[in-house]
Engineer: 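Quick one: structure below, then a few questions.
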Amino acid sequence: MFAYATGWLGWSRSEALGAPFPDIQLALDGKVDFLAATTPGARRRTRRKPKDVAELKDRARAVFGLKRPEQGMGAG
């Protein structure tokens, strides 16, 4: 992810090392969308919409690093 952040996105070393992976992935997705929108003849990729609210919540947790611990893996 460091290579993508510094190479494709042009971030500095400190920015890349300080950013969580989901942030870098979202930035890369935005870069791809931008390039597709501004390149003549390029096609935008279509994203699959979540099937239900639970899937949407799971995606949001993953993006923001808030995934719940697996059952039976808690402290104690």
Side-chain angles (χ1 to χ4, degrees):
M1 291 308 270
F2 178 81
Y4 289 118
T6 57
W8 280 70
L9 298 171
W11 293 2
S12 70
R13 177 180 174 82
S14 61
E15 289 173 320
L17 291 174
F21 280 6
D23 289 358
I24 297 172
Q25 184 63 49
L26 286 172
L28 278 171
D29 289 344
K31 178 81 168 192
V32 169
D33 288 344
F34 172 78
L35 291 172
T38 58
T39 303
R43 293 186 324 180
R44 285 185 165 169
R45 60 185 166 140
T46 56
R47 293 188 180 149
R48 185 178 65 82
K49 292 184 179 180
K51 292 179 184 177
D52 56 15
V53 174
E55 184 178 348
L56 181 61
K57 286 181 181 180
D58 286 342
R59 283 189 187 184
R61 283 188 194 102
V63 167
F64 295 110
L66 302 174
K67 283 193 169 187
R68 292 181 181 169
E70 294 182 26
Q71 295 295 332
M73 301 297 285

Engineer: Looking at every heavy atom in both K31 and L9, which two are closest together, and how far apart are they?
Structural biologist: CB-CD2, 3.9 Å
Engineer: Going by the rule side-chain hydrogen bond (donor to acceptor under 3.5 Å, both in side chains), which residues pair with S12 if we only count those two or more places apart in sequence or in a different chain?
Structural biologist: S14, E15
Engineer: In terms of hydrophobic clusters joined by side-chain contacts under 4.5 Å, are L17 and W11 together?
Structural biologist: no
Engineer: Quick check for you: to the nearest 0.5 Å, what is the distance between F21 atom CZ and L26 atom CG?
Structural biologist: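 Nearest 0.5 Å value for the CZ-CG distance: 13.5 Å.
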Engineer: Kindly check if the number of other-residue, nucleotide or ligand heavy atoms within 6.0 Å of CZ (F2) is above 12?
Structural biologist: yes
Engineer: With the side chain counted from C-beta on, respond yes when L28 and I24 share a heavy-atom pair under 4.5 Å apart, and no when they do not.
Structural biologist: yes
